[in-house]
Undergrad: 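Below is one structure. I have some questions about it.
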Amino acid sequence: MSDILLSVENLEAWYGDAKVLHGLSFELKQGEVLALIGSNGAGKSTLFKSICGLLQKKTGRIAFKNEVITTLVANAIVAKGIALVPEGRKLFPSLSVEENLILGGNVGRKGPWSLQSIYNLFPILKEKRNAPSTSLSGGQQQMVAIGRGLMSNPDLILLDELSLGLAPIVIKDIYDMLPKIIGNGLTAILVEQDVTRALASSQQFLCIQEGRISLEGAPHAFTKDQISAAYFGM
Amino acid sequence: MIWVNIIIQGILVGGLYALFAAGLSLIFGVMRLVNIAHGDFIVAAAFLAWVVVQATGLNPLLSLIIVVPLAMAFGYALQKWILNSTLGKDILPPLLVTFGLSVILQNGLLEVFTADSRKLNAGVIETASFPVLPGVAIGYLPLLQFIVAVAVIWGLQYLFYNTALGRAFRATSDDSETALLMGLDQRKVYAWAMALCMGVVAIAGVFLGVRSNFDPFMGPGRLIFGFEAVIIGGLGNLWGTLIGGVILGVSQAIGAQINPGWQVLAGHLVFLLVLAVRPKGLFPRIDG
Amino acid sequence: MITRSTPASRAAAIVALVLFAVLLAAPWWGATSTLRLLGEFMVYLALASLWNLLAGYTGLVSVGQQAFVGLGGYVLVALSMFTGLHPLIAVPIAGLVAVLLAMPVGKLVFRLQGAYFAIGTWVLAEVFRLVAAQVTVMGGGSGISLPATVLKTMAETKFWREAMIYWLALALGAGALALVYGLLRSRIGLALTAIRDSEIASASLGIKIDRVKYAVYVAVAGMTAMVGSLISLQKIRVSPDAAFSVNDWTAFVIFIVVIGGIGTIEGPIVGTIIYFLLREFLADLGSIYLMILGMLAIIIMLVAPKGIWGFITHRWNISLFPTGYRVNFKD
């Protein structure tokens, strides 16, 4: 099936000696937005780290564009077309806004995103292009982090907790931008504490509980109670 | 007038000390590594230049065209094959491995070149000078050495803040895991940093060899001078390192004038004084 | 049942006692050359144990311990020459002088972190050496020999002089081991182990890390100076370059600890034995021997960072000087 972009089979992953993921399997179609929900410590960030190669201690099979990437390291995986916008933004404090963005395009993949198109999307960043990234507000920093991820022109973007530490009004702004970001066929996985917002922004969802998938499907196929039961494990 | 002369000569020697220090400062900035064998690499570079001069008859200053690329290639390999595997949370492995390298280098040089001291002969430039004031003359060689030091530091500064490699250095130093997500392999970035460091080491080694006699056991002393310049100037500030080198050079020149036995001691004491009064150095980097 | 001792450690204690008794009697069974070799062995055992305490347990990697070795030597020679003090009494005084000096010096070098601390201690040792070279009454740069009259005050006969110097070496070697062992079994030892394993965790336990480190630094300086004063008696002279030699009193010591096993009590013992064996067979190679030592240390650091002893304990889980507790499950 050629429209499967990412397929994860029986993924198990460890943090040190602690097993965090207990055999996850799912598939993601080209152009789809998948919401990944689950309580704290369920394994959402671990799943992201496993996919993008930051976590090496894992078994199972991860295939991207029909190529097995399970054992590749992060710097090779980003070149294949998977970008992570990490939790907490993780901007480089020694780099200016523009330098952070340029570094995002370091792997040199071709595509729609360039400094110019990022600045069109977030005009404020052009204004602050030479400012140290740490001098920006939280929301602006999140824009840099998203822009930096897009600069690698990925086929799949992993968005981890975009709303973390941001004011509600800022969160709304960022989510209003989301269709523009993933509108042109980009596939995305979205981790978000705010379940309602996550489900509203996606076509599919995956609920993880203690390292196992407890519910999956289209958001509208389930009732709120069913989802919260899967979320809290009741 | 004698003191003006002493201070001017001290400033010019300070350029050499800044050259000793620049590489040390660079790799500490990028990967928090302190290379105990740094001084021994400077001396080894002087010996390498000596071999090149013997083989080709080149002027030692021109031998840099050969010595610098060789040193850079060596630095890249050293980092890639040995030092990268020592880096981690524990500071012991890199310290002890470079300490072992220091002993190996000193004794290896002794084995190959014997304990005889040698010198690189750069010709008339060594003794030529021009008068600036009555009783004060500036030698072309010390002046060249100082200009090269300023150029090297300017070059490193430019590279650090205006090039893709410099961006990679800063990003990896900030957060190597996130840098990995940008496709930056820290081991390669570190190898480039060490290559650059060894390039500067080669320049320092050639100037060391042209300025004075050298032997296999001079390394630790050069490491200490470089280290003192870094700390006096303030960690993470390359221009501060240049000023640190100058302060060290002037202190030593003044000490030597008072009593020849106090030359090196005076430098150490000024260093300790700075450490006591301004532990972060005179010009620490202001973190944003 | 929770115990400290193991069959291996109990056997080791008995062997150690027997060995100590045999070594104590060495002046009567050993030739002068044997006594010298054993004395030198004790010097390196003591220096290695002390450096290991500093670097292996508190993370203070000093490459400047030769400062205190040389200081001890100079203090002993000066005291016995100018005050006529019995050299054996000068030994603890040398230790005391080093403690008093290490207190301000420690404050200064503690301003440097990690690897920079290492080079800072080296600078200080250089300062000590250069200052010693300026002291003209002590022979300046060429140093000075202990006058025969001073040696005569120690003991009348050569036999007793050699025996006394040897016993001093034995006392310091065994004393350094006992100090490290005792310290690690005490509450401070718990603190030290906690610091080694995790600075952040021990800070949250309320351990005053900096004070413990500082205290260890000062104590090690005092003990190191006592070993230094012994060395001046063994060599019957001091000179700046020999007494403050970074190679003799720090480089070899570091190699011994790294090869033997850093952060273990047994490591320095194993390392010293290996060092003397290697020296016996390879010292004729001169500088190549030193290169082999350096390479060995690098390889061990890269392949088995806990050294030969660490490798052995990992493989067979034995401990001759148990400082921790172990749980035995009885049926």
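Reminder, nothing fancy here: chain letters follow the sequence lines and each chain counts from 1. Model, not experiment: these values are computed from the prediction.
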Undergrad: Can you establish whether the number of heavy atoms outside Arg111(C) located under 6.0 Å from its atom CZ is more than 12?
TA: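 Yes - once you tally the heavy atoms of other residues, nucleotides and ligands closer than 6.0 Å, there are more than 12.
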Undergrad: Are Thr86(B) and Met301(C) close enough, and set up right, to give a side chain to side chain contact (heavy atoms under 4.5 Å, CB included), and what steps lead you there?
TA: CA-CA 8 Å; Thr86(B) 69; Met301(C) 210 66 222; over 6 Å; no
Undergrad: Go through the steps to decide whether Trp262(B) and Leu130(C) satisfy the test side chain to side chain contact (heavy atoms under 4.5 Å, CB included), and finish with yes or no.
TA: CA-CA 8 Å; Trp262(B) 291 358; Leu130(C) 293 167; over 6 Å; no
Undergrad: Can you tell me which portion of Leu275(B) sits under 4.5 Å from chain C's heavy atoms? Options are side chain, backbone, both or neither.
TA: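 Leu275(B) touches chain C through backbone and side-chain heavy atoms alike.
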Undergrad: Shorter than 4.5 Å, heavy atoms on both sides: which option in Val258(C), Ile288(C), Leu293(C) has the most such pairs with chain B?
TA: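 Looking at each option in turn, the highest pair count goes to Ile288(C).
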Undergrad: Measure Leu108(C) against the heavy atoms of chain B and call it side chain, backbone, both or neither at under 4.5 Å.
TA: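 Both parts, backbone and side chain.
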Undergrad: Checking Leu105(B) against chain C: side chain, backbone, both or neither under 4.5 Å from a heavy atom?
TA: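 Neither part.
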Undergrad: Given a strict heavy-atom distance threshold of 4.5 Å, which part of Ile231(B) is in contact with chain C: side chain, backbone, both, or neither?
TA: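 Only the side chain of Ile231(B) comes within 4.5 Å of chain C.
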Undergrad: Chain B: which of Leu112(C), Leu124(C), Asn247(C), Val109(C) shares the most heavy-atom pairs with it under 4.5 Å?
TA: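 Result: the option with the highest number of such pairs is Leu112(C).
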Undergrad: Would you mind checking which part of Val112(B) comes under 4.5 Å of any heavy atom in chain C, side chain (CB onward), backbone (N, CA, C, O), both or neither?
TA: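 Neither part.
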Undergrad: For a quick test of reading the model, state the closest non-hydrogen atom pair linking Gly59(C) to Ile91(B) and the distance between them.
TA: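 Answer, listing the atom of Gly59(C) first, then Ile91(B): O-CD1, 4.4 Å.
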Undergrad: If you compare all heavy atoms of Trp122(C) against all heavy atoms of Pro220(B), which two are closest, and at what distance to 0.1 Å?
TA: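 Shortest heavy-atom contact: CZ2-CB, 3.4 Å.
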Undergrad: Quick one: of Leu302(C), Val123(C), Val61(C), who has the most non-hydrogen atom pairs under 4.5 Å with chain B?
TA: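 The candidate making the most pairs under 4.5 Å is Val123(C).
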Undergrad: Could you grab the distance from atom CG of Leu235(B) to atom OH of Tyr116(C), nearest 0.5 Å is fine?
TA: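 So the gap between those two atoms works out to 5.0 Å.
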Undergrad: Could you measure the distance from the NE2 atom of His268(B) to the CZ atom of Phe128(C)? Nearest 0.5 Å is fine.
TA: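 The NE2 atom of His268(B) sits 12.5 Å away from the CZ atom of Phe128(C).
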Undergrad: Which pair of non-hydrogen atoms, one from Ala251(C) and one from Val103(B), has the smallest distance, and what is that distance?
TA: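 It is CB-CG2, 4.4 Å.
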Undergrad: Is Leu290(C) in contact with chain B via its backbone, its side chain, both, or neither, using a 4.5 Å heavy-atom distance?
TA: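 Both backbone and side chain of Leu290(C) come within 4.5 Å of chain B.
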Undergrad: Who among Val230(B), Ile36(B), Leu110(B), Leu223(B) has the most heavy-atom pairs with chain C under 4.5 Å?
TA: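 The option with the most such pairs is Leu223(B).
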Undergrad: Taking all atoms of both residues into account, what is the closest heavy-atom pair of Ile104(B) and Gly294(C), and its distance?
TA: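 Taking Ile104(B) first and Gly294(C) second, the nearest heavy atoms are CD1-C, 3.8 Å.
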Undergrad: Roughly how far apart are Gln134(C) CD and Asn259(B) CG, rounded to 0.5 Å?
TA: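 Going from CD on Gln134(C) over to CG on Asn259(B), the span is 5.0 Å.
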Undergrad: With heavy-atom distances below 4.5 Å as the criterion, would you say the side chains of Tyr289(C) and Asn107(B) are in contact?
TA: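 A side-chain contact is absent here, since even the closest heavy-atom pair is not under 4.5 Å.
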